[in-house]
Amino acid sequence: TLYYADHNKLYRNGRADTVTLDAQAANRMQEVTGVASAIGNEGLRSFATNRGVYNAATSVLFFGTNAGKVFRLSDPRNCPAGTLPVQINAGAGMPNGTITGLAVNPRNADTLLAVYSNYGVTSIWFCGNALGETPTWTAVEGNLQTPSIRSAAIVVAGGQVEYYLGTSTGLYSTIALNGNSTTWLKEGADVIGNAVVVDIAHRPADNRMLVATHGNGLFTTDVVLPVRLGSFAGKIVHDKAELFWHTYQEVNNKGFDIER
């Protein structure tokens, strides 16, 4: 299904391969009118759906607005056009700002990240029961209090859940969310650097991730390695080679083998 936002309106088409610009055609984009009814004049700024084969009973569409609200729409492909989405962060203490990124755990739609691009607000939030009656949210900004957060992704690699953020100062990640004590580590410091990361796209089938920047190009990587290398160097000492390295993170790593 193809979803399209026009300010406060949400449109959908179940056959993205045959969508037409003809407003009178049977396969045109159709408005889900309940969305505009629910959010009023607020603007739609971000989308995320759960992954896997579409299931009317379990598939959902999450979207964020420019007023800091997160909504859930169940069975977004088939629901009646007038269906009202459910706000899932009411009373959570989240700021009234622009939610520029939403990310869903590819194996569990209950797990959701929401990020704000505004400066001067708590901008990274986690929900572990997004499908529940009363979802709860936790701030996980940690050491990323300064940059503007633009995008997010949740990746499962080797059974390990990893969280990625695109920011105004580059790409960051963590494998351990710990409230406001969360430590976010910089990724691709020598390649992406401090470029603004405007979007992250992740394909769970092979864990290919695309990282789009503003003015510094598009990057791709496969999220598969259990070790994240921070630096590596070597020097000759008394006619022998000495190697030095440190890692950012290690998951289920037994050790290192050095080969000539």
Side-chain angles (χ1 to χ4, degrees), residues 1 3-12 31-51 58-77 79 82-142 144 148-155 161 163-167 174 177 179-180 182 184 198-202:
T1 300
Y3 299 100
Y4 173 78
D6 180 11
H7 184 50
N8 65 339
K9 297 179 180 180
L10 174 69
Y11 296 87
R12 66 184 175 189
E31 183 184 355
V32 183
T33 56
V35 171
S37 298
I39 70 175
N41 198 40
E42 296 175 19
L44 296 167
R45 294 303 306 270
S46 52
F47 297 98
T49 61
N50 60 321
R51 302 302 183 94
T58 59
S59 293
V60 293
L61 170 70
F62 298 102
F63 60 88
T65 76
N66 61 357
K69 297 176 183 177
V70 182
F71 289 84
R72 180 185 69 220
L73 181 64
S74 299
D75 190 15
R77 178 193 294 177
C79 67
T83 301
L84 296 175
V86 177
Q87 185 182 352
I88 63 171
N89 69 332
M94 297 166 69
N96 181 356
T98 300
I99 299 179
T100 48
L102 289 171
V104 182
N105 186 322
R107 66 181 183 186
N108 181 7
D110 250 353
T111 305
L112 187 66
L113 272 181
V115 300
Y116 292 76
S117 61
N118 305 73
Y119 290 96
V121 302
T122 302
S123 54
I124 310 168
W125 294 80
F126 171 80
C127 180
N129 59 342
L131 301 179
E133 290 292 329
T134 55
T136 54
W137 294 80
T138 303
V140 292
E141 190 175 60
L144 281 185
S148 165
I149 314 301
R150 310 299 177 87
S151 52
I154 302 177
V155 177
V161 180
Y163 305 89
Y164 290 85
L165 297 176
T167 79
T174 188
L177 296 178
N180 275 326
T182 300
W184 296 93
V198 295
D199 198 13
I200 305 172
H202 169 239

Q. Just by distance, do the side chain of T98 and the backbone of S117 share a donor-acceptor pair under 3.5 Å?
A. no

Is the shortest side-chain heavy-atom distance between S151 and T100 below 4.5 Å? no

Exercise for the section: Please step through side chain to side chain contact (heavy atoms under 4.5 Å, CB included) for the pair L10 and L61, ending with a clear verdict. Expected result: CA-CA 11 Å; L10 174 69; L61 170 70; 3.8 Å; yes

Would the distance check show the side chain of N8 and the main-chain N or O of G40 forming a donor-acceptor pair, the cut-off being under 3.5 Å? yes

Closest heavy-atom pair, L144 versus L165, reported as atoms and distance to 0.1 Å, is CD1-CD1, 3.7 Å

Separation between CD1 (I99) and CZ (F71), nearest 0.5 Å, reads 9.5 Å

All heavy atoms of L44 vs all of K9, minimum pair found to be CD1-O, 3.4 Å

### Query
Is there a side-chain contact between M94 and V121, using heavy atoms and a 4.5 Å cut-off?
no

Is it the case that atom CZ in R45 sees more than 12 heavy atoms from other parts of the structure closer than 6.0 Å?
no

Would you find a donor on one side and an acceptor on the other, under 3.5 Å apart, between the side chain of N89 and the backbone of C127? no

Could you check if a side-chain atom of E31 sits within less than 4.5 angstrom of a side-chain atom of D6, using non-hydrogen atoms only? no

Taken to the nearest 0.5 Å, the spacing of R51 CZ from I154 CD1 works out to 10.0 Å

Smallest heavy-atom separation, T122 atom then A139 atom, equals CG2-CB, 3.6 Å

When rounded to the nearest 0.5 Å, the distance separating CZ of F62 from CZ of R72 is 6.5 Å

Pairwise side-chain contact, F63 with I39, heavy-atom cut-off 4.5 Å (strictly under):
yes

To the nearest 0.5 Å, atom OG of S59 lies from atom CG of L73 at 11.0 Å

What one should report as the nearest heavy-atom pair of A152 and V115 is CB-CG1, 4.1 Å

**Heavy-atom donor-acceptor pair, N105 side chain to D110 backbone, under 3.5 Å** = no

Output for pair (I88 CD1, T134 OG1), nearest 0.5 Å, gives 11.5 Å

Check: Do side-chain atoms of Y116 reach the backbone of G68 as a donor and acceptor pair under 3.5 angstrom?
Finding: yes

* To do: Find out whether T111 and F126 are in side-chain contact, i.e. whether some heavy atom of one side chain is under 4.5 Å from a heavy atom of the other.
  => yes

Full working for side chain to side chain contact (heavy atoms under 4.5 Å, CB included) between H7 and N41: CA-CA 8 Å; H7 184 50; N41 198 40; 3.1 Å; yes

Between A130 and P135 the two heavy atoms that sit nearest each other are O-CG, 4.0 Å

Here the gap from I124 atom CD1 to L113 atom CG, rounded to the nearest 0.5 Å, amounts to 8.0 Å

query = So, do V60 and V104 sit near enough that their side-chain heavy atoms are less than 4.5 Å apart?
reply = no

Closest heavy-atom pair, W125 versus A92, reported as atoms and distance to 0.1 Å, is CZ3-O, 4.0 Å

The test is side chain to side chain contact (heavy atoms under 4.5 Å, CB included); show your working for R107 and V161 and say whether it passes.
CA-CA 10 Å; R107 66 181 183 186; V161 180; 3.6 Å; yes

* **Test item: P76 and V32 side chains (from C-beta on) under 4.5 Å apart, heavy atoms** => no

### Message
Between W184 and V140 (side chain of the first, backbone of the second, donor and acceptor by atom type, cut-off under 3.5 Å), is there such a pair?
### Response
yes

Quick one, Y3 and T1 - any side-chain contact, counting heavy atoms below 4.5 Å?
yes

| query | Is it true that a side-chain atom of R77 and a backbone atom of R12 form a donor plus acceptor pair closer than 3.5 Å? | reply | no

